[in-house]
Amino acid sequence: MKILITGASGFVGHQVVRALGDEHQLYLLSRHPAKARERLGTEHHYLASLDDLANLDGFDVVINLAGEPIADKRWSSSQKEKICHSRWHLTMRLTQLIEQSQTPPSVLINASAIGVYGNQEEQPVDETFMLRQTGEAPLPFPQAVCQKWETLALNASSLQTRVCVIRIGLVLGLCGGALPKMLPAFKLGLGGPIASGKQGMSWIHQDDLVALILFLMKSDTCSGVFNATAPHPVSNLSFSKTLADTLSRPAFIPMPAFVLNTLLGEMAQLLTQGQYVLPTRLIEAGYRFKFPQLNYALTDILPKKVIR
């Protein structure tokens, strides 16, 4: 198949490329094609901009994973604009290209995030949860970003193109995401729960995320929204304890909410609030998780050299 992948150089994207590269013809969108070619290989086709395309005729699949990292920098006005633009503009352009195609791709798989649910405290949620609408009241920033992002992607739906939106949770791996940033403190025995520790942490092993993307790509009857999270979310307190146990370290030093609010400002809500998200539609569609439990996922990801 001929597949277009955006965000191919990212933490998740490069793993998707590796999983698909041997069997398919890949076109990879990157702001820095030369660097991407060094990392991902010379056998693929590289695009610097979607402006190089008039339509998506001939493409079978589009996988849209691009977006400015939401947690790398404090949320200044300019950083918020980058986060929004990198998601909204690119997704809007992909939708336009699909609409302009006589033979459009059969599927668009578009990233989103579980931040779309907002802070749900200890209430479990799945894809049937009714989201707050923008007009009801000002939405928290992550929720507003994701809602518009998903709407733009779903606009590409037609009889010829099915759209699968994946609401991604905390991705566990060592090449990116939050886990490598957490390890130094936990390895020193300085880790612990954040704020109350009751907030949900809906996580997913990197291998399951890649596998479910391929599953949705091949499953002709799948469309709409899917939670890309393991079936057993945990509290922040439980996550901290499980990570510490895996590393054979204590985890009793809490991080008060006011400290994070001072250090991170509005962005602190990513850590002090949470959701217990269930992947109901994926399970109903027949996807079987390789790592449904957190302790097995962390044991697989953290080799002995990291634990030491």
If two hydrophobic side chains count as joined below 4.5 Å and joins carry through other members, does [X] share a cluster with [Y]?
X    : Y    : answer
Y46  : L50  : no
V165 : L209 : no
M217 : F215 : yes
V16  : I109 : yes
V107 : L65  : yes

[Y] backbone acceptor or donor facing [X] side chain under 3.5 Å:
X    : Y    : result
R93  : T91  : no
Q269 : E266 : yes
R87  : I83  : yes
S106 : D60  : yes
H24  : M1   : yes
D57  : T103 : yes
H205 : D207 : yes
S238 : V234 : no
H89  : S86  : no
D126 : L278 : no

Please check if any side-chain donor atom of [X] sits under 3.5 Å from a side-chain acceptor atom of [Y], or the reverse.
X    : Y    : value
S101 : N55  : no
T229 : W203 : no
T6   : N64  : yes
S76  : S78  : yes
E121 : Q199 : no
E150 : S112 : yes

Is there side-chain contact between T128 and T280, with heavy atoms separated by less than 4.5 Å?
->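 No, their side chains stay 4.5 Å or more apart.
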
State the [atom1]-[atom2] distance between [X] and [Y], to the nearest 0.5 angstrom.
X    : Y    : atom1 : atom2 : value
L56  : K2   : CG    : NZ    : 9.0 Å
E127 : N227 : CD    : CG    : 4.0 Å
R162 : L108 : CZ    : CG    : 10.0 Å

Geometric class of the [Y]/[X] ring pair [parallel <30°, tilted 30-60°, perpendicular >60°]:
X    : Y    : value
F289 : Y287 : perpendicular
Y27  : F59  : perpendicular
F129 : Y117 : perpendicular

Could you walk me through whether K181 and D72 pass the salt bridge (Lys or Arg N to Asp or Glu O under 4.0 Å) check?
-> CA-CA 11 Å; K181 299 174 183 177; D72 278 10; 3.2 Å; yes

Might you point out which heavy atoms bring [X] and [Y] nearest each other, and give the distance in Å?
X    : Y    : result
Q100 : A54  : OE1-O, 3.0 Å
A19  : L214 : CB-CD2, 4.2 Å
A111 : I168 : CB-CD1, 4.1 Å
P142 : L270 : CG-CD2, 4.1 Å
S223 : C164 : CA-SG, 3.8 Å
G118 : Q143 : CA-OE1, 3.6 Å

Check this for me: [X], atom [atom1], are more than 12 non-hydrogen atoms of other residues, nucleotides or ligands nearer than 6.0 Å?
X    : atom1 : answer
D52  : CG    : yes
Q102 : CD    : no
K73  : NZ    : no
R39  : CZ    : yes
E81  : CD    : no

Are R281 and F226 in a cation-pi contact, defined as NZ or CZ under 6.0 Å from the six-membered ring centre and within 45° of the axis?
->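 Judged by the rule, R281 and F226 form a cation-pi pair.
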
Begin with the C-alpha distance, continue with both residues' side-chain angles, and end with the deciding distance and a verdict on side chain to side chain contact (heavy atoms under 4.5 Å, CB included) for L53 and L47.
-> CA-CA 9 Å; L53 302 171; L47 301 170; 3.9 Å; yes

Got a sec, which residues hit side-chain hydrogen bond (donor to acceptor under 3.5 Å, both in side chains) with Q79, two or more places apart in sequence or on another chain?
->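 Residues passing side-chain hydrogen bond (donor to acceptor under 3.5 Å, both in side chains) with Q79: E68.
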
